[in-house]
Structures are given as C-alpha cells and as structure tokens.
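Numbers here are sequence positions counted from 1. None of the values given here were measured: they were computed from a predicted structure.
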Amino acid sequence: LQGHPFLKGIDISENSITDAACDFLAQFVQKTPRLQQLYLRGYLFEPTRISDIGGEVLARSVSCKDGFELELDYQQVGCKTAAALARNSLWSRVSLFNTNVSTMGALGLANSFRNGVALGAEQKWLNVAQCRIAPSAIKLLRSVGFLRLDSHGQRPR
C-alpha cells in the first residue's frame, strides 16, 4: 500500500485484521496525505479481531486528519477506543456498530462534546448501534446534537 499518495479511501474489511496490523495501518494513515476513509469491518464470529489495543492506535492516527471516516464495525474495540475518539474530534464519521463499546464509552464521548473537549458534533455521524449502551447514555449522546446518531437495537449489558 505504500507509495499511493493520492489514495482517498481504503476498505480492507472482512480480512481478519488484528491488533498486530494496527501499528502499520496507523503509519499508513499518517503517511498518506489524502486518505480520508479507513473501513475495517470485522467478521462477527472471528475469534480474534481488533481490540482496544489496536483501536486506540487507530484513533490516535486519525487525530490529525480533519473529516476522517473510520469504521470498526464488528471489531472487539470498546471504551478505550471510544475515549481515544473523544479526545480527537477531527473525524467526521465513526462507526462502532456491534462492538464492545458500553455505557462508559458512550458517556465519555458525550461528555467530551458537552464539555467542549471535542468540538463540532453537529457535523459528525456516530454509529453505536447494537453496542452495550444503557438508554440513559444514548439519551445523553442524543443531547449532544450529532448530525446523525445511529443507536438502535442495543444489546443487554
């Protein structure tokens, strides 16, 4: 993948990507100036997927990319990844569909926008559908005023 400076997006979903690849992917994101989309949907029943270890690395790597879209659906990322995304508000779209993000991760995201740590919720799309998030935390996320918030079908904690 190196040597493609004009690449705008990459979808390497459903390829059994694990934490071991996230350092390389983070470097790739930082070294590819026009890259604005990284899609890493996992297999739902794959025993080893990207966890918070890799999720935090990826979240930090997109911190310098205004308008970045990151999709980690069906991965094993959780609250630490959500916290890293809360510290970085330059992204425009993050999808954490059916991941291990729980109420604490959702509260961290909501509070970072409410307290002014993260900015621009009205221009962001966040997908936390089918995660382990309490209705009260979903309500708090809604109050932030995201451009779009997908949060249907929450799983029991």
Side-chain angles (χ1 to χ4, degrees), residues 8-15 17-19 21-22 25-26 29-30 34-46 48-157:
K8 291 183 180 179
I10 187 167
D11 185 343
I12 49 176
S13 299
E14 300 179 358
N15 276 299
I17 306 284
T18 64
D19 291 332
C22 290
L25 287 170
V29 166
Q30 292 173 345
R34 296 192 181 170
L35 189 71
Q36 289 294 303
Q37 302 166 326
L38 179 60
Y39 300 136
L40 296 166
R41 288 179 305 278
Y43 287 115
L44 179 59
F45 299 110
E46 187 69 33
T48 306
R49 293 172 269 158
I50 298 172
S51 73
D52 270 338
I53 294 167
E56 285 183 285
V57 169
L58 292 170
R60 282 193 305 269
S61 75
V62 304
S63 65
C64 61
K65 299 267 191 162
D66 193 23
F68 202 87
E69 297 181 14
L70 178 63
E71 187 172 291
L72 295 170
D73 299 349
Y74 297 105
Q75 298 292 353
Q76 294 171 322
V77 297
C79 294
K80 289 182 180 180
T81 300
L85 290 165
R87 290 188 295 272
N88 158 29
S89 62
L90 290 179
W91 51 268
S92 66
R93 180 180 177 272
V94 168
S95 185
L96 302 167
F97 178 83
N98 202 357
T99 61
N100 293 331
V101 174
S102 67
T103 298
M104 293 305 294
L107 289 174
L109 276 165
N111 285 329
S112 70
F113 281 97
R114 289 180 52 161
N115 297 332
V117 174
L119 303 172
E122 65 282 348
Q123 300 171 353
K124 297 185 185 333
W125 173 16
L126 177 65
N127 183 357
V128 291
Q130 298 206 14
C131 292
R132 294 179 175 95
I133 301 174
S136 58
I138 295 296
K139 185 176 180 181
L140 190 59
L141 279 171
R142 283 203 171 100
S143 74
V144 170
F146 285 104
L147 174 66
R148 179 172 171 178
L149 174 66
D150 294 333
S151 60
H152 59 282
Q154 298 304 319
R155 297 179 298 181
R157 284 177 251 129

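- Scored by the salt bridge (charged side-chain N to carboxylate O under 4.0 Å, His left out) test, Glu69 finds no partners at all (sequence neighbours excluded).
- Side-chain atoms of Thr103 do not come within 3.5 Å of backbone N or O of Ala137 as any donor-acceptor pair.
- A distance of 9.5 Å separates OG of Ser13 from CG of Leu72, quoted to the nearest 0.5 Å.
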Verdict with supporting geometry, Val94 and Val62, side chain to side chain contact (heavy atoms under 4.5 Å, CB included): CA-CA 11 Å; Val94 168; Val62 304; over 6 Å; no

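- Separation of atoms CD (Glu56) and SG (Cys79) is listed at 11.0 Å; rounding is to 0.5 Å.
- Annotation for Ile53: atom CD1 does not count as buried by contact number, only 12 or fewer foreign heavy atoms lying within 6.0 Å.
- The side-chain heavy atoms of Gln36 and Lys8, taken from C-beta on, include no pair separated by under 4.5 Å.
- Here CG of Leu109 is found 10.0 Å from CG of Leu149. Values are rounded to the nearest 0.5 Å.
- Between Ala121 and Phe113, the shortest heavy-atom distance links the atoms CB-CD2, 3.6 Å.
- Within 6.0 Å of the NZ atom in Lys80, the count of heavy atoms belonging to other residues, nucleotides or ligands does not exceed 12.
- Looking at heavy atoms from C-beta onward, Phe68 lies in side-chain contact with Leu38 at the 4.5 angstrom threshold.
- In this structure, Gln130 CD and Thr99 OG1 are separated by 10.5 Å, a value rounded to the nearest 0.5 Å.
- Contact detail for Ala86 and Ala118: the closest heavy-atom pair is O-CB, 3.5 Å.
- Residue Val128 comes nearest to Ser151 through the heavy atom pair CG2-CB, 4.2 Å, listed as atom of the first residue, atom of the second, then distance.
- Using a 4.5 Å cut-off on side-chain heavy atoms (C-beta onward), Val77 and Leu58 make no contact.
- Between Asp73 and Asn98 there is no side-chain heavy-atom pair separated by less than 4.5 Å.
- Listed by first and then second residue, the salt bridge (Lys or Arg N to Asp or Glu O under 4.0 Å) pairs involving residues 135-144 amount to none (not counting sequence neighbours).
- Put simply, the side chain of Gln75 gets close to the backbone of Ile50: a donor and an acceptor are under 3.5 Å apart.
- You'll find the side chain of Trp91 stays beyond 4.5 Å of the side chain of Leu70, heavy atoms only.
- Pairs engaging residues 113-126 under the side-chain hydrogen bond (donor to acceptor under 3.5 Å, both in side chains) rule: Trp125-Asp150 [sequence neighbours left out].
- When side chains are defined from C-beta on, Val144 does not count as touching Leu126, because their heavy atoms never get closer than 4.5 Å.
- Heavy-atom minimum distance, Ile12 versus Asn15: O-ND2, 3.1 Å.
- Considering all non-hydrogen atoms of both residues, Val57 and Cys22 come closest at CG1-O, 3.6 Å.
- With sequence neighbours excluded, the residues that form a ring pair (Phe, Tyr, Trp, His ring centres under 6.0 Å) with Phe97 are Tyr74.
- Note that the CG atom of Asp66 and the CG atom of Leu90 stand 5.0 Å from one another [nearest 0.5 Å].
- In this structure, Ile133 and Val101 have side chains that are in contact, with non-hydrogen atoms separated by less than 4.5 Å.
- Considering CZ of Arg49 and CG of Leu40, their distance stands at 13.0 Å, rounded to 0.5 Å.
- In this structure Arg41 satisfies the salt bridge (charged side-chain N to carboxylate O under 4.0 Å, His left out) test together with Asp11, Glu71, sequence neighbours excluded.
- Scored by the side chain to side chain donor-acceptor pair (under 3.5 Å) test, Asn127 finds Ser95 as partners (sequence neighbours excluded).
- Across all non-hydrogen atoms, the minimal contact from Ala84 to Ala59 is CB-CB, 3.6 Å.
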